[in-house]
Amino acid sequence: MILLPLVPLACIPIAAAVLVMAVAGPAAGEQLRTVACGTGIPGTGEWRPPFTQAYTVSRRGFGREFHPIHLRWEHHSGQDLVSQPGPGPVVAIGPGRVAFAGVSRGGYGNYVDVAHAGGVTSRYAHLARIDVRQGQPVRAGERLGFEGSTGTSTGNHLHLEILVRGVATDPVPWMLSHGAPLNGKAVTAGTTVTSAAAAGGRGAGNGAATGRAGDSVDTVMEGGIGFGLPAPGSPRQASLRNQPLPIPAKVKALYQAAAARYAIPWTLLAGIGMEETGHGRTTATSSAGAQGLMQFMPATFAAVGVDGDGDGLVDIRNDADSITSAANYLVRSGVTDGPDGVTKALYAYNHASWYVNDVLHYAHAYGGGIVLGDPTGCDGPVDGNGGGGGDASLPPLTSDRVRQLLQWAGSQAGDAYVMGANGPDAWDCSSLVQTAFARIGISMPRTAGAQRAWLAKGNGFRIRPGTERPGDVIFWDSYLGPSRIGHVMLVWDPATRTTIEARSRSLGVRHFSYAGGPSHHIFEIWRVGNMADHPTVTKGLR
């Protein structure tokens, strides 16, 4: 990661920076509905919404509300949520211990209280069924019961309360400030691994990817997000008759070095190496003309070949070059785009379903592993190699929304950088950007690469360096390697080329210069359209 000079906070007056942006054109002020990616997003960090399925946020929220049964105005101590398309399971919003699980004498019906650290209690009321017992420890995303209509209720829904040291607080801003906005998005139930040891990283032997020495990598997953290699399916071919062979120490070291450089499990490269040449035991040119340990066609190698051992040469028959080039090829082919991205990337390597399943069989035999990535279904080009440029016809964010965005982001200056953190006092680069946009009603994916793909999907458009405005989004490569976006930041003031961003563990959240951005392998600037999850200004709403 290239560290650039710090820019003093006082040098960047936010009001002046935002006011230089003009929003013009007939569509100024029009809000368009955000284009979602996939059907769900992964739960990250410590907190998450109480559903795994999609849901709606009821107008019956925290504060003085008219009670539909008592027929009078009363204080409503939580937020009502309704899962879609029908009642579904209710899960814990964070790790803790069940403080109560039973029937209320009041209007809650069946309800569960979960006590969390810091004096926080989450309450889940009107459940049709309770699936936990008092005193039971629970993880974030663990099932507590099933949505229902018990107690004083007019229909199936979940009444969610947040109590801080016994005092009820509005769940909507509380959840937002803790990195888990109640935005109606489906969120997968899986929990997040947040340490290399827990995930089988360095020293654990399963090949989970880690960053290069010297980078500020605190966990094995970018922004706390990753997914396991998918299981092999059928048909299989070579793996049915050829058992996985022992890997020569030198070749294994090359697999591990290339995997660390491109942030993928080394076992995936070992699976290809076993399938292709038995880890170099057979390296003759194939009948189709493929060469080297990883069996590249010369034309393909000319496009994706990289120098793996630093000797200044890129040689198709050099084992280090061949293995490192295979990692580069997989990343370019979308291996980080969720489990489907893994199978698609392997299919691109060799167009046969049995080949994909053979490689995955071998990869799991060597220990499996975690792929750094964001399995949101927000796939597409994320590597700066000429991918889609988004929708240039979109109206840009209004000045007022940019001001809100940057005022919140700027107020986080001085917070810590912690990989995988979702606030409120610590962030990584992508969670800071994600939460800043959530403050103005825009939900985007969790990782930098997926955020770029989300923009290209129709939520923004790429612009030329030198034409940026406050609130634009900058992407470049970082610890994930030269072929993959690994860092994201917000433009603060184009005149001084400064950002607000979560830069690294040692530097935290501050204002920095992006003047050296073009020196990166990837340097892209994007403008978010005037999008909203729930548009309020709807001229020609799409």
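Values below: every heavy atom of this structure, side chains too, minus hydrogens, waters and symmetry copies.
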Under the side-chain contact (heavy atoms from CB on, under 4.5 Å) test, which residues partner [X], sequence neighbours left out?
X      : result
Pro230 : Pro339, Val342, Thr343, Leu360
Pro235 : Ser353, Trp354, Asn357
Ala92  : Tyr124, Val138, Leu144
Arg281 : Leu245, Pro246, Pro248, His279

Please list every donor-acceptor pair under 3.5 Å in which a side-chain atom of residues 297-308 meets a protein atom from a residue at least two apart or in another chain.
{"unit_1": "Asp307", "atom_1": "OD1", "unit_2": "Asp309", "atom_2": "N", "d": "3.3"}
{"unit_1": "Asp307", "atom_1": "OD1", "unit_2": "Gly310", "atom_2": "N", "d": "3.0"}
{"unit_1": "Asp307", "atom_1": "OD1", "unit_2": "Asp311", "atom_2": "N", "d": "3.4"}
{"unit_1": "Asp307", "atom_1": "OD2", "unit_2": "Asp311", "atom_2": "N", "d": "3.3"}
{"unit_1": "Asp307", "atom_1": "OD2", "unit_2": "Gly312", "atom_2": "N", "d": "2.8"}

With sequence neighbours excluded, residues passing salt bridge (Lys or Arg N to Asp or Glu O under 4.0 Å) with [X]:
X      : value
Arg317 : none
Asp358 : none
Glu276 : none

Residues in ring-ring contact (aromatic ring centres under 6.0 Å, His included) contact with [X], at least two apart in sequence or another chain:
X      : value
Tyr347 : His351
Tyr329 : Tyr349
His361 : none

Contacts of Gln291 that satisfy side-chain hydrogen bond (donor to acceptor under 3.5 Å, both in side chains) - sequence neighbours left out: none
